[in-house]
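As the structure is a prediction and not an experimental result, all values here were calculated from the model.
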Amino acid sequence: MAAELTAHELIAKHRPTLDQALEAIRTRAYWSPHPEHPKAYGENGSLDAAAGKAAFDALLGGRLDLGQAGTDDWVGGEVSPYGIELGVEYPHANIDELLPAMRSGIRQWRDAGAEMRAVVCVEILKRISDRTHEFAHAVMHTSGQAFMMAFQAGGPHAQDRGLEAVAYAYVEQVRTPDTAEWTKPQGKRDPLALNKQFTPVPRGIAMVIGCNTFPTWNGYPGLFASLATGNAVLVKPHPRAVLPLALTVQVARQVLAEAGFDPNLVALAAERPGEGIAKTLATRPEIRIIDYTGSTAFGDWLEANARQAQVYTEKAGVNTVLVDSTDNYKGMLSNLAFSLSLYSGQMCTTPQNLLIPRDGIRTDEGPRTFDEVVADLARSVDGLLGDDARANALLGAIVNPDVKARLEAAAGLGEVALASREIANPEFPDAVVRTPVIVKLDGAKPDDEAAYMSECFGPVSFAVAVDSASDAVELLRRTVREKGAMTVGAYTTDAEVEQAVQEACLEEAAQLSLNLTGGVYVNQTAAFSDFHGSGGNPAANSALCDGAFVANRFRVVEVRREA
């Protein structure tokens with residue numbers, strides 16, 4: 001096929017961005033090529049707010065024809081957590097036709113080389129970035145995120161994570177030179193001489209199993225890591241969050257075709273209601289890589305049963321914050337209140353357990369008892385969410401009935417320090433919006449342990465009374481070891497306690513945030529600098545993003561010839 005985008009054009013256009021990304025992952029300094037502010041869009045081909053909303057509205061009730069191989073039906077049925085039916089139909093694939101079609105383009109994609117693959121990926125991300133306003137509405141109405149969060153987390157932050165994966169993939173592939181001249185002296189005899197050629201070879205077809213809450217943010221790292229290392233990618237979205245990933249597949253296919261590659265290198269696997277194709281696909285011999293974000297139960301099943309594939313999972317954990325002492329009490333409360341409230345706690349990084357000594361803590365405002373700390377935190381959450389308009393902008397909507405059921409059941413687990421309340425959304429009357437609940441538990445009671453040692457995904461937090469800071473550290477350590485954690489937080493002015501917490505997190509491989517009192521929160525991570533998960537505890541077997549996340553998606557094959 002004739003290429004409309006030549007290698008020279010793509011390299012000239014995107015090599016500077018790739019080089020900046022490579023420098024960013026080396027230095028871990030702040031950098032992003034994707035603007036966070038909505039007003040930054042509207043020039044150089046990007047959609048502004050009005051155009052993005054119009055583009056999203058035009059999708060509703062329509063059919064998204066991707067032109068991919070093996071289409072045998074049309075499926076849909078997404079309903080926004082804000083109460084509107086999207087009505088978008090997607091191609092349903094005959095897998096026996098689609099998978100061979102995907103494989104057919106891999107050889108040309110492999111032979112294009114690491115740099116070409118990288119700049120094609122950057123072009124895909126650039127076009128997605130230009131449509132950030134459109135994607136934001138798609139993310140909002142499938143995940144329940146409030147618009148600004150959907151815009152930032154589902155747009156530039158997700159695009160950053162995708163570009164980060166491309167940068168790591170490129171580094172690992174070019175670590176080995178393309179060719180080498182090898183000469184071994186043989187004394188008086190002629191030396192042995194070989195010409196050696198080294199080629200990064202992809203595993204085959206990768207599958208991304210999307211999640212409901214962060215379809216792009218969690219989906220892009222695996223998608224772009226696999227594509228940049230030469231694999232074809234089958235995207236299997238969550239049935240309630242198809243649209244953002246379907247649009248992503250659409251853009252990828254367009255760019256691949258324009259660059260002269262087979263568009264079937266990227267395809268969508270949408271499913272009929274209740275079809276449950278993830279298990280069927282996961283054990284197909286053609287599927288050689290799987291990226292998954294979601295429940296521990298299915299993540300464990302994939303790791304145990306998808307034996308033919310390299311499986312990368314981000315599952316669930318029990319995120320913990322230790323509160324020992326602080327020199328900024330108001331800042332601590334404000335920071336924690338925001339962390340508990342953001343997107344109704346529907347983040348894999350949201351704190352669940354707050355471990356607080358039962359005798360209280362030291363603060364810059366004097367000592368505070370356990371009950372006072374919890375009551376002050378409850379007031380801080382109430383103050384943050386007291387205005388309904390601001391609350392809607394922070395909380396978004398409850399993503400599914402299971403979260404609502406867990407929230408309602410949590411009130412019966414202990415003494416309620418902060419009751420959840422219902423908030424009306426004037427723009428979307430059918431949206432289910434709830435403020436967080438905080439329940440007090442006793443770390444010494446076995447009955448309470450059953451509650452706080454289980455993940456309760458959603459706007460539910462437990463204030464757990466412990467005997468001392470050292471007991472809190474040991475409970476933290478046991479929680480991470482047994483249940484896993486995507487994040488750990490700690491507040492302390494005591495150097496020994498800080499060292500103990502840090503050592504526990506190093507030994508149990510948990511990412512730690514200390515004494516956050518400003519505008520950075522424990523449940524947020526920045527691409528190119530922060531690692532999301534560690535791969536070293538039960539919450540996830542990989543990290544977004546490091547060399548280990550990309551290096552096993554390909555192998556280097558050597559061809560030797562006598563010189």
Derivation and outcome, side chain to side chain contact (heavy atoms under 4.5 Å, CB included), residues Lys236 and Val208 | CA-CA 6 Å; Lys236 207 300 290 182; Val208 174; over 6 Å; no
Take Leu394 and Leu385, measure what side chain to side chain contact (heavy atoms under 4.5 Å, CB included) needs, and give me the verdict at the end.
-> CA-CA 8 Å; Leu394 279 175; Leu385 303 177; 3.9 Å; yes
Please test Leu355 against Val473 for side chain to side chain contact (heavy atoms under 4.5 Å, CB included), starting from the C-alpha separation and ending with a verdict.
-> CA-CA 9 Å; Leu355 309 184; Val473 172; over 6 Å; no
Kindly indicate, with the supporting measurements, whether the criterion salt bridge (Lys or Arg N to Asp or Glu O under 4.0 Å) is fulfilled by Arg127 and Asp130.
-> CA-CA 5 Å; Arg127 294 199 192 181; Asp130 287 343; over 6 Å; no
For Arg161 and Thr525, run side-chain hydrogen bond (donor to acceptor under 3.5 Å, both in side chains): C-alpha distance rounded to whole Å, both residues' side-chain angles, the deciding distance at 0.1 Å, then the answer.
-> CA-CA 10 Å; Arg161 283 295 184 192; Thr525 59; 3.0 Å; yes
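By the 30° and 60° cut-offs, the orientation of the rings of His141 relative to Phe56 is parallel.
No cation-pi contact links Arg362 to Tyr329, judged by a cut-off of 6.0 Å to the six-membered ring centre and 45° from its axis.
No donor-acceptor pair closer than 3.5 Å links the side chain of Ser420 to the backbone N or O of Val437. Remark: the backbone N or O of Leu395 is paired with a side-chain donor or acceptor of Ser344 at under 3.5 angstrom. Side-chain atoms of Thr435 come within 3.5 Å of backbone atoms of Arg421 as a donor-acceptor pair (strictly under, hydrogens ignored). Formation of a donor-acceptor pair under 3.5 Å by the Ser129 side chain with backbone atoms of Leu125 is not found in this model. In this structure, Asn392 contributes its side chain and Asp388 its backbone to a donor-acceptor pair below 3.5 Å. Without hydrogens or angle criteria, Asp160 side chain to Ser32 main chain gives no donor-acceptor distance under 3.5 Å. The backbone N or O of Glu43 sits less than 3.5 Å from a side-chain atom of Ser46, completing a donor-acceptor pair. Between the side chain of Glu164 and the main chain of Pro221, no donor-acceptor pair closer than 3.5 Å is present. Proximity of a side-chain donor or acceptor of Thr142 to a complementary backbone N or O of Arg240 within less than 3.5 Å is not detected. Although no hydrogens or angles enter the test, the distance criterion places a donor-acceptor pair under 3.5 Å between the side chain of Asn537 and the main chain of Ala485.
Arg131 places a side-chain heavy atom less than 4.5 Å from the side chain of Leu247. Under the 4.5 Å side-chain criterion, counting only non-hydrogen atoms from C-beta, Val122 is in contact with Leu163. A 4.5 Å side-chain heavy-atom check between Ile209 and Asp291 finds every atom pair outside the cut-off. The side-chain heavy atoms of Ile398 and Gln346, taken from C-beta on, include a pair separated by under 4.5 Å. Side-chain contact between Leu18 and Leu22: present, with at least one pair of heavy atoms (C-beta onward) separated by less than 4.5 Å. Counting heavy atoms from C-beta on, the side chains of Gln152 and Phe147 never come closer than 4.5 Å. Inter-residue side-chain proximity for Ile84 and Val79 is flagged as unmet; no heavy-atom pair is nearer than 4.5 Å.
Listed by first then second residue, pairs satisfying salt bridge (Lys or Arg N to Asp or Glu O under 4.0 Å) with a partner in residues 394-404 read Lys404-Glu408, not counting sequence neighbours. Counting only residues at least two apart or on different chains, no salt bridge (Lys or Arg N to Asp or Glu O under 4.0 Å) pair has a member in residues 144-155. Note on residues 44-57: pairs passing salt bridge (Lys or Arg N to Asp or Glu O under 4.0 Å), not counting sequence neighbours, are Lys53-Asp57. Applying the side chain to side chain donor-acceptor pair (under 3.5 Å) rule to pairs touching residues 468-477 yields Ser468-Ser470, Ser468-Asp471, Arg477-Glu507, sequence neighbours excluded. The stretch residues 328-349 participates, sequence neighbours left out, in these salt bridge (Lys or Arg N to Asp or Glu O under 4.0 Å) pairs: Lys330-Glu365.
Each of Tyr220, Phe549, Trp217, Phe214 was scored for a ring pair (Phe, Tyr, Trp, His ring centres under 6.0 Å) with His532, with one residue passing: Trp217.
Ring pair His137/Phe151: centre-to-centre distance not below 6.0 Å. Between Tyr312 and Tyr292, the ring center distance fails the sub-6.0 Å criterion.
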Compile the donor-acceptor pairs under 3.5 Å between side chains in residues 511-519 and protein atoms, sequence neighbours left out, one pair per line.
residue	atom	partner	partner atom	Å
Gln511	NE2	Gly533	O	2.8
Asn515	OD1	Thr492	N	2.9
Asn515	ND2	Thr492	O	3.2

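When the ring pair (Phe, Tyr, Trp, His ring centres under 6.0 Å) test is applied to Tyr491, no partner is found at least two apart in sequence or on another chain. Taking Asn44 as the reference, nothing meets the side-chain contact (heavy atoms from CB on, under 4.5 Å) condition, with sequence neighbours excluded. In this view, Tyr521 and Phe338 satisfy the ring pair (Phe, Tyr, Trp, His ring centres under 6.0 Å) rule, not counting sequence neighbours. For Tyr452, there are no ring pair (Phe, Tyr, Trp, His ring centres under 6.0 Å) partners, not counting sequence neighbours. Residues meeting the ring pair (Phe, Tyr, Trp, His ring centres under 6.0 Å) test with Tyr170, sequence neighbours left out: none. For Arg358, the side-chain contact (heavy atoms from CB on, under 4.5 Å) partners are Asp442, Ala444, Ala465, Asp467, not counting sequence neighbours.
Contact between Asn523 and Ser339 at its shortest, heavy atoms only, is ND2-O, 2.9 Å. The minimum heavy-atom distance linking Thr213 with Gln145 is given by the pair O-NE2, 2.8 Å. Closest approach of Ser143 and Tyr343 over heavy atoms only: O-OH, 2.6 Å. In terms of heavy atoms, Leu377 sits closest to Leu340 at CD2-CD1, 4.1 Å. Listed here is the closest heavy atom pair of Cys545 and Ala165: SG-CA, 3.8 Å. Between Cys348 and Phe457, the shortest heavy-atom distance links the atoms N-CE1, 4.2 Å.
Using modelled atom types and a 3.5 Å distance limit, the side chains of Thr216 and Gln159 yield no donor-acceptor pair. Checked by atom type, the side-chain pair His157/Glu36 shows a donor-acceptor distance below 3.5 Å. In this structure, a donor-acceptor pair under 3.5 Å is present between the side chains of Thr313 and Glu303. Side-chain N/O atoms of Thr479 and Thr320 include no donor and acceptor closer than 3.5 Å.
With salt bridges taken as basic N to acidic carboxylate O contacts below 4.0 Å, none links Glu455 and Lys315. At a threshold of 4.0 Å, the pair Arg379-Asp382 does not count as salt-bridged, since none of the basic side-chain nitrogens sits closer than that to a carboxylate oxygen.
Here the straight-line distance linking atom CD1 of Ile356 with atom CZ of Phe462 works out to 13.5 Å at 0.5 Å rounding.
In Glu85, the CD atom is not crowded: 12 or fewer heavy atoms of neighbouring residues, nucleotides or ligands sit closer than 6.0 Å.
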